[in-house]
Participant: 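What follows is a structure written as structure tokens; I'll ask about it next.
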There are 2 protein chains.
Amino acid sequence: MIDYNHPAFQYYQNVSEQCIHYLSIDGVIFGFHQNQLKVLLLRWKGTDEWSLPGGFILKTESVDLAAQRIIKERTGLQTLYLQQFHVFGETVRYNQEETWAKINLPIQGINWSERTISIGYYALVEYAEVVPATDFLTEECRWWSLDAIPALLFDHNHIIEVALQSLRKNVGDQPISHLLPDTFTIPELQRLYETILGHSLDARNFYKKIMAQNNLERLAERRAGTPHKAPYLYRFKVAFSER
Amino acid sequence: MIDYNHPAFQYYQNVSEQCIHYLSIDGVIFGFHQNQLKVLLLRWKGTDEWSLPGGFILKTESVDLAAQRIIKERTGLQTLYLQQFHVFGETVRYNQEETWAKINLPIQGINWSERTISIGYYALVEYAEVVPATDFLTEECRWWSLDAIPALLFDHNHIIEVALQSLRKNVGDQPISHLLPDTFTIPELQRLYETILGHSLDARNFYKKIMAQNNLERLAERRAGTPHKAPYLYRFKVAFSER
DNA sequence: CCAAAAGTGTTTTCCATACACCCATGA
DNA sequence: TCATGGGTGTATGGAAAACACTTTTGG
């Protein structure tokens with residue numbers, strides 16, 4: 001049952017010593033590219049199975065910092081906007097046998113998680129700055145469009161769903177700027193809101209509302225290389241983007 | 001250091017075996033009485049120190065059910081409206097030595113929590129139905145008005161603050177009816193909203209807004225025994241209160 | 001009759017929505 | 001020149017806010 005030479009064995013042994021049992025973190029990393037909201041997913045070694053990035057909390061580490069560490073490792077980012085959004089605490093969150101069979105790991109015999117309570121965090125990151133990195137259990141890390149996400153391992157489809165609902169509900173408070181590059185156009189910003197909210201917005205009303213907040217400054221340049229009329233570039237005013 | 005005969009020792013030994021380490025639940029139980037928002041607090045045996053009710057999660061129990069169990073034990077209620085609102089995961093949430101000295105318990109030597117991550121839940125309950133009950137570590141359980149809460153043990157003042165912010169933010173979605181008795185008056189309902197929101201409301205606008213939701217039915221009777229004009233009694237319509 | 005709270009309607013303001021035309025650009 | 005998306009103002013409707021007087025009751 002247990003392959004003591006499997007790298008996962010060593011990993012879980014370390015985790016078992018240094019981390020808090022029964023508890024994990026799952027990260028829903030949102031990015032925005034080509035007018036689509038994306039999440040970063042990992043493909044497990046030797047399989048076609050995908051999951052969210054996640055990890056465990058060191059006994060000496062705050063939960064927020066654990067989430068940062070875990071997500072920094074997958075994105076290469078130094079600074080992160082993170083938001084805790086839900087604790088998934090059911091005793092049976094998914095079919096364990098089925099899942100372990102899928103990921104082909106000899107960990108069902110290890111005295112680690114009969115169950116796991118997961119604290120969900122979502123991150124808002126700038127797509128272009130992310131350098132996706134796998135961990136040693138996975139062999140591919142890449143962005144998926146929200147509307148094309150496959151059936152994931154564990155209950156991760158559900159977690160993404162809850163993360164999105166939470167983001168949607170709180171979109172007014174959140175620093176959406178983190179999802180965008182330094183400069184962007186108003187139509188791009190509108191697509192972002194539309195994708196998060198899940199419905200289209202009126203361009204004129206959107207423009208008015210955004211401008212009323214007085215958070216953007218228009219640059220002299222316009223976006224070059226578009227097939228049509230070149231849109232102006234904007235940037236979040238510093239006081240705002242520093243939030 | 002360790003008094004093996006102390007009842008707390010036995011308790012923590014059981015907890016240590018059956019419950020998840022490093023993790024706890026704290027409950028902010030909101031009630032409403034005499035036009036004031038209240039929370040249920042516990043006084044620790046032989047001290048003047050108060051804290052929120054809390055407890056631990058059985059290894060075999062879902063987090064939501066653990067919260068229900070813990071709060072049912074302190075309130076005697078059979079049904080509860082509960083809302084998970086935040087995870088408090090700092091490594092140092094309060095001064096442990098100081099706190100343990102205050103509560104006068106010989107648990108600092110027990111191999112239990114170097115730290116505790118706490119999942120915060122708030123409950124909305126009907127004040128009059130609650131029969132406050134102590135646990136074996138405490139000798140008094142009673143309601144405190146939100147604006148008269150003393151300095152509490154642990155970081156519980158902070159937890160209440162965060163719970164209140166969360167309730168305030170979500171007040172529109174929450175089943176406020178759980179905080180009220182079966183029948184109540186419009187001014188009472190208004191006081192409740194005012195207390196949660198932290199500012200006063202215009203009675204005429206409030207009346208219009210509440211009535212526009214079409215959730216209340218006016219009863220034939222009025223509230224008796226008031227020193228002034230007797231207000232009508234109302235009740236939430238069944239379809240609404242069943243939510 | 002006086003003090004205090006209950007009960008109620010109208011006006012105004014503001015925010016959200018609906019809506020259409022011209023402009024710039026690349027193909 | 002045409003197709004496509006960018007950029008912008010005005011008018012309307014509905015919700016929220018401002019606002020005051022009459023009614024009821026106990027003392």
Side-chain angles (χ1 to χ4, degrees), chain A residues 32-36 168-173 176 180-237, chain B residues 32-36 168-174 176 180-236:
Chain A
F32 188 65
H33 184 60
Q34 292 180 335
N35 286 338
Q36 295 209 291
R168 204 170 271 179
K169 181 170 177 184
N170 299 309
V171 67
D173 313 324
I176 289 301
L180 290 170
D182 191 47
T183 62
F184 50 89
T185 69
I186 298 293
E188 282 163 4
L189 184 60
Q190 186 183 334
R191 299 295 162 263
L192 173 54
Y193 273 90
E194 287 175 339
T195 318
I196 293 173
L197 294 173
H199 59 85
S200 60
L201 299 168
D202 179 90
R204 285 162 292 189
N205 296 332
F206 182 79
Y207 179 80
K208 263 183 303 181
K209 201 149 100 177
I210 289 294
M211 285 307 160
Q213 288 166 237
N214 198 29
N215 290 322
L216 297 183
E217 52 180 345
R218 183 195 275 188
L219 306 183
E221 325 126 64
R222 292 159 177 254
R223 166 82 75 226
T226 59
H228 309 296
K229 179 174 178 177
Y232 290 102
L233 285 171
Y234 289 80
R235 167 190 293 150
F236 280 102
K237 290 182 182 172
Chain B
F32 188 65
H33 185 60
Q34 292 181 335
N35 286 339
Q36 297 209 290
R168 201 170 274 177
K169 180 169 178 185
N170 298 310
V171 67
D173 312 325
Q174 304 288 2
I176 288 301
L180 290 169
D182 191 47
T183 63
F184 52 87
T185 69
I186 299 294
E188 282 163 5
L189 184 61
Q190 186 183 332
R191 299 298 161 262
L192 174 54
Y193 273 90
E194 287 175 338
T195 317
I196 293 172
L197 295 173
H199 59 84
S200 60
L201 299 168
D202 179 271
R204 287 162 291 191
N205 295 332
F206 182 78
Y207 179 81
K208 262 184 302 182
K209 200 149 101 178
I210 290 293
M211 285 307 158
Q213 288 166 236
N214 199 29
N215 289 322
L216 297 182
E217 51 181 346
R218 184 196 275 190
L219 306 183
E221 324 125 64
R222 291 159 177 253
R223 166 81 76 227
T226 58
H228 308 295
K229 180 171 177 176
Y232 290 102
L233 285 171
Y234 289 79
R235 168 190 293 148
F236 280 101

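Letters A, B, ... mirror the listed sequences (proteins, then strands); counts begin at 1.
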Participant: Using a cut-off of 4.0 Å between protein heavy atoms and nucleotide atoms, how would you tag nucleotides 19-27 of chain C 5' to 3' with B, S and -?
Facilitator: BB--BBBS-
Participant: Suppose we screen for side-chain contact (heavy atoms from CB on, under 4.5 Å). Which residues come up paired with A:Q36, at least two apart in sequence or across chains?
Facilitator: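 Result, side-chain contact (heavy atoms from CB on, under 4.5 Å) vs A:Q36: A:K38, A:S145, A:D147.
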Participant: Return the value, rounded to whole Å, for the distance between atom CG of B:L189 and atom P of C:dA5.
Facilitator: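 My rounded result for the distance is 18 Å.
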Participant: By nearest nucleotide on DNA chain C, pick out whichever of B:I186 and A:K209 is the more 5' one.
Facilitator: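 Nearest-nucleotide comparison on DNA chain C picks B:I186.
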Participant: Reading DNA chain D in the 5' to 3' direction, which nucleotide is the first one with an atom under 4.0 Å from a heavy atom of chain A, and which is the last?
Facilitator: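 First-to-last contact on DNA chain D, by the 4.0 Å heavy-atom rule, is D:dT4 to D:dT10.
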Participant: Could you list the residues that satisfy side-chain contact (heavy atoms from CB on, under 4.5 Å) with A:K169, not counting sequence neighbours?
Facilitator: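 If we apply the side-chain contact (heavy atoms from CB on, under 4.5 Å) test to A:K169, skipping adjacent residues, the hits are B:N170, B:D173.
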Participant: What's the OH-C1' distance between B:Y207 and C:dA5, to the nearest Å?
Facilitator: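 One finds 16 Å between C1' of C:dA5 and OH of B:Y207, rounded.
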Participant: Measure CZ/A:F206 against P/C:dA18 and give the value in whole Å, please.
Facilitator: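 Going from A:F206 (CZ) to C:dA18 (P), I get 16 Å.
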Participant: For B:T185, give me all partners under side-chain contact (heavy atoms from CB on, under 4.5 Å), at least two apart in sequence or on another chain.
Facilitator: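 Testing B:T185 for side-chain contact (heavy atoms from CB on, under 4.5 Å), a comparison that skips the adjacent residues, returns B:P187, B:E188, B:R223, B:P231, B:L233.
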Participant: Have a look at B:R218 and say if it touches a base, only the backbone sugar-phosphate, or nothing, with a 4.0 Å heavy-atom cut-off.
Facilitator: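 Sugar-phosphate contact only.
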Participant: Give, for atom CD1 of A:I196 and atom CD1 of A:I176, the distance between the pair rounded to the nearest 0.5 Å.
Facilitator: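 One gets 3.5 Å once the value is rounded to the nearest 0.5 Å.
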Participant: Does A:E194 have any salt bridge (Lys or Arg N to Asp or Glu O under 4.0 Å) partners at least two apart in sequence or in another chain, and if so, which?
Facilitator: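 Salt bridge (Lys or Arg N to Asp or Glu O under 4.0 Å) list for A:E194, sorted by chain: A:R191.
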Participant: Go through the structure and list residues passing side-chain contact (heavy atoms from CB on, under 4.5 Å) with A:Y232, not counting sequence neighbours.
Facilitator: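 A:Y232 satisfies side-chain contact (heavy atoms from CB on, under 4.5 Å) with A:R218, A:R222, A:Y234 only.
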Participant: Once you round it to whole Å, what is the distance between P of C:dC15 and CE of A:M211?
Facilitator: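 Taking CE of A:M211 and P of C:dC15, I get 18 Å after rounding.
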Participant: Excluding sequence neighbours, so at least two apart, what forms ring-ring contact (aromatic ring centres under 6.0 Å, His included) with B:F206?
Facilitator: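 Residues passing ring-ring contact (aromatic ring centres under 6.0 Å, His included) with B:F206: B:Y193.
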Participant: Can you name the ring-ring contact (aromatic ring centres under 6.0 Å, His included) partners of A:H33, sequence neighbours left out?
Facilitator: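 With sequence neighbours excluded, A:H33 shows a ring-ring contact (aromatic ring centres under 6.0 Å, His included) to A:Y127, given in chain and number order.
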Participant: Can you tell me the distance, in whole Å, between the CG atom of A:L201 and the P atom of C:dT17?
Facilitator: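 For the pair A:L201 CG and C:dT17 P, the rounded distance is 9 Å.
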